[in-house]
Every structure is written in C-alpha cells, then in structure tokens.
Amino acid sequence: MAHANQLIGAASDPWGAASWWLTPAEPLDGATPLTLLESGRLTEQQVDAAVLWAQRAM
C-alpha cells in the first residue's frame with residue numbers, strides 16, 4: 001500500500017489517490033486495486049502496471 005500511495009502522490013492528492021484505489025484497471029483484469037489489496041493478491045508489479053496505465057489514460 002505504501003508503494004502505491006507513493007507512486008500516485010497520495011500525500012499531495014488524497015482524492016486522486018482514492019479514485020485510483022477505487023477505479024477498475026485494465027492491467028488488473030478490470031479489478032480495482034483496493035479489491036486486490038483486500039484479497040491479499042495485489043503485487044508491486046501490478047501496482048506499477050496500474051499506475052502507468054492510469055497515467056497514460058489521463
């Protein structure tokens with residue numbers, strides 16, 4: 001969680017971070033990062049891919 005929050009700039013944009021955690025992401029097969037975190041299946045590699053995907057979508 002700390003790795004993801006650092007990458008998405010949670011300290012400076014908490015609403016943007018909340019949105020990232022709750023938005024389905026293509027690299028996560030349509031799951032939200034939060035869902036995978038809660039199930040214990042979110043990896044750093046998935047976080048990296050989902051952050052990159054979200055940045056490209058902007």
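This one's a predicted model, so the numbers in the text were calculated from it and none came from an experiment.
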Residue pair Ala50 / Ala25: nearest heavy atoms and the distance that separates them = CB-CB, 4.3 Å

Once you round to the nearest 0.5 Å, how far does OG1 of Thr32 lie from CD of Glu38?
-> 7.0 Å

Residue pair Trp20 / Ile8: nearest heavy atoms and the distance that separates them | CE3-CD1, 3.7 Å

Here the gap from Asp48 atom CG to His3 atom NE2, rounded to the nearest 0.5 Å, amounts to 3.5 Å

Shared hydrophobic cluster for Leu22 and Leu36 (ILVMFWY, side-chain gaps under 4.5 Å) = yes

Pro24 to Gly30 - nearest heavy-atom pair and separation | CB-O, 3.1 Å

Identify whether Met1 and Leu42 are in the same connected component of the hydrophobic contact network (ILVMFWY, side-chain heavy atoms under 4.5 Å).
-> yes

One should read off an interatomic distance between Leu37 CG and Leu28 CG, to the nearest 0.5 angstrom, of 11.5 Å

